[in-house]
K.L.:
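Below is one structure. I have some questions about it.
Please read these numbers as outputs of a predicted model, since none were measured by experiment. Excluded from the calculations below are hydrogen atoms, water molecules and symmetry mates; all remaining heavy atoms, backbone and side chain alike, are included.
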Amino acid sequence: MHWLAKNEAVISFSIFSSQILHHQYDTMVSNKEQLLCLFGRLKNGLILVLAPLLFGLMLNWEGPEWKCAYCVCVTATYWMLEILPLAVTAMLPVVLFPLVGVLDANTTAKEYMNDTNFLFIGGLIMAAAVEKCDLHERVALSVLRCVGSEPKWIMLGFMTVTALLSSFISNTATTAMMVPIVQSVVQQLISSFQQDPTNGDRGRLGCKRMATGLVLSISFAANIGGTGTATGTPSNLVMLGQLNTLFPNVDGSLNFVTWIFFAFPLMVMCLGVAWATLVWFFLRDAPEKDEAVTEMLRTRYDELPRMTYAEKSVSVCFCILLSLWIFRDPGIVPGFGVFFKKGAYTDATSAMIVAFLLFILPSEKPDLATYYNKEDLKKKGCLMDWKTMQATFPWSVVLLLGGGFALAAGVKESGLSLLIGNRLSSIGHLPLWILQLLTMFIAMIITNICSNTVTASIFVPIVATLAQKAGHHPFTLMLPTTLACSFAFIFPVGTPPNAIVFGSGMVKVSDMAFVGGIISMELLVLTIVYMNSVAYLTLPLLEFPSWAVIANSTIQT
């Protein structure tokens, strides 16, 4: 009995000890969670305060370039960590540059509404008018009904339509429109597959992977398609705007037309590589062709109402805009731009002319024989209205572009670009293709974790100076770096199209990261090969331009 009582005491003590240990462990875990929660709440505030203090050492160093470096570092930190909304951070140069003596307030503010920003505004008004009358849906369905019923050709059709649309209208709007169409096609393919009793588990897995591949192809095509035109994505406009800021005497060798001649063939090649990769990874075990899919797309197209007066008018305005952009300075023959003084008529002028037309032209066919009072005329409306602008126009991107242009102006005026060039001169002796590899790889990494506009705003001035100091044409590094800013395929947060596709619930992060990483490396290699071969046929990249020499000597003086 004494032995039994002793054992019971030992067991009771062990249980009591384990309860104490569990309680202490639970307390530790609870305290850790509370600390993590507290840190999460205070993180943004800490970074908001500590970043200016840590970089504040630069303000004590001699030279205006270090004061500019302070402003750039603080702004870039807030941008990359998204402490504040990106557009709010973009307004920091208006505060910081005048305070530290880099640029005065008036000069800084002018950069937020320059010629390139008005080109962006005019292009987006055109895109918003296309979306308002649903012309983009008609274009998409008219192409898709002709692609056939095999999954790989359906994918190619979707990617082609998405890329073409995103070259002219918002990547986000294009993706948002295309994803529901893809989902309906996937449902039809899966429904047809399930009706066949011979399909086994492998077929079901192949069907699931096919759905993932088809949806992923939309976001990848939207990102690639934005590189095809100068107005396709904001990062392209960042480069064009900063080009004029960094090199005021630049000639007109890079405009809307020459950008298409340079970038559109590369966009097609990138699209082909991405399509082949997605087919290999996702469609190897896909279901056979299904005529029901083609019939469904044809039915959806047939169910569309007859082409409205608004759609026809917007189509005409779109053709007018393209004609004005192309024939202003086609390069092959003199354009109508020769009738104006230099700088008097730009691509932004054409964009704003057509934007005004969209706000003037009626959305319904005018009936001159019938009297309408003022209220009736208001109800009829125009091709574009301010209510639609307020609802759909991304004003935040306008501020974001302006912030990038302001930073570029400060970098040039303060001499920071020269300082960066001197620091990077140690790698300037490397072959051009290695410099392109390094700059593109770094830009690709950064653009997958923050906005492509932010990435371009930070890196374009740096690579322009690097090319200048190394004796290469600035385009040889500026163009591939700008294109790399659009190659964000790895994470859902990389671009809005990635986020929309991920939000469909048909894509896992691991799928996007794995295939996106492979496609990123493929496009990296393809772009470098293109820049050192085909690009020489479309742009004068072999000779160092005189406008870059003048800009360089101006900075040094």
K.L.:
Are more than 12 heavy atoms from other residues, nucleotides or ligands located less than 6.0 Å from atom CH2 of W61?
P.N.:
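Atom CH2 in W61 is crowded, with more than 12 foreign heavy atoms closer than 6.0 Å.
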
K.L.:
Can you confirm whether L361 sits close enough to F356 that some side-chain heavy atom of one is under 4.5 Å from a side-chain heavy atom of the other?
P.N.:
no

K.L.:
Could you tell me which non-hydrogen atom of M478 sits nearest to which non-hydrogen atom of A464, and how far apart they are?
P.N.:
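Scanning both residues completely, I find the closest heavy atoms to be SD-CB, 3.7 Å.
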
K.L.:
Taking the side chain as every heavy atom from C-beta outward, state whether V411 and C68 have any atom pair closer than 4.5 Å.
P.N.:
yes

K.L.:
Are F168 and F318 close enough that their ring centres sit under 6.0 Å apart?
P.N.:
yes

K.L.:
Are Q242 and F405 side-chain neighbours, meaning at least one heavy-atom pair lies under 4.5 Å?
P.N.:
yes

K.L.:
For a 4.5 angstrom cut-off between non-hydrogen side-chain atoms, does M440 reach I528?
P.N.:
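M440 reaches I528 side chain to side chain.
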
K.L.:
Enter the distance from T75:OG1 to L92:CG here, rounded to the nearest 0.5 Å.
P.N.:
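One finds 5.0 Å between OG1 of T75 and CG of L92.
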
K.L.:
With sequence neighbours left out, which residue pairs that include part of residues 513-541 fulfil the side chain to side chain donor-acceptor pair (under 3.5 Å) condition?
P.N.:
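Every pair satisfying side chain to side chain donor-acceptor pair (under 3.5 Å) with a residue in residues 513-541: T277-E522, Q436-N532.
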
K.L.:
So do the side chains of L466 and I462 get within less than 4.5 Å of each other, counting heavy atoms only?
P.N.:
no

K.L.:
Would you say F514 has more than 12 foreign heavy atoms packed within less than 6.0 Å of its CZ?
P.N.:
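No - once you tally the heavy atoms of other residues, nucleotides and ligands closer than 6.0 Å, there are 12 at most.
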
K.L.:
Over 60° means perpendicular and under 30° means parallel, so classify the ring planes of W386 and F359, tilted if in between.
P.N.:
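Rings of F359 and W386: tilted, 30 to 60°.
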
K.L.:
Which atom names give the shortest non-hydrogen contact between T349 and A344, and what distance separates them?
P.N.:
OG1-O, 4.2 Å

K.L.:
Hey, could you give me the CD1/CG distance between I224 and L523, rounded to the nearest 0.5 Å?
P.N.:
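Between atom CD1 of I224 and atom CG of L523 there are 5.5 Å.
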
K.L.:
Does some side-chain heavy atom of L165 sit less than 4.5 Å from a side-chain heavy atom of N171?
P.N.:
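N171 does not reach L165 side chain to side chain.
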
K.L.:
Taking the six-membered ring where the residue is Trp, are the ring centres of F489 and F220 under 6.0 Å apart?
P.N.:
yes

K.L.:
Taking the six-membered ring for Trp and the full ring for Phe, Tyr or His, determine whether the centres of H473 and W547 are under 6.0 Å apart.
P.N.:
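Yes; W547 has its ring centre under 6.0 Å from that of H473.
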
K.L.:
For the residue pair F262 and W259, categorise the inter-ring angle as parallel (less than 30°), tilted (30 to 60°) or perpendicular (more than 60°).
P.N.:
perpendicular

K.L.:
Can D104 and T107 be said to form a side chain to side chain donor-acceptor pair (under 3.5 Å), step by step?
P.N.:
CA-CA 6 Å; D104 62 75; T107 304; 2.9 Å; yes

K.L.:
Looking just at side-chain N and O atoms, do T455 and N452 make a donor-acceptor pair shorter than 3.5 Å?
P.N.:
no

K.L.:
Could you give all pairs that pass the salt bridge (Lys or Arg N to Asp or Glu O under 4.0 Å) test and reach residues 228-240, with sequence neighbours left out?
P.N.:
none

K.L.:
Kindly indicate whether the side chain of L537, heavy atoms from C-beta on, has any atom under 4.5 Å from the side chain of F261.
P.N.:
no

K.L.:
When rounded to the nearest 0.5 angstrom, what is the spacing between CG in L164 and CE in M267?
P.N.:
5.5 Å

K.L.:
Under 4.5 Å between any side-chain heavy atoms of D385 and K132, yes or no?
P.N.:
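Answer yes - side chains close enough.
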
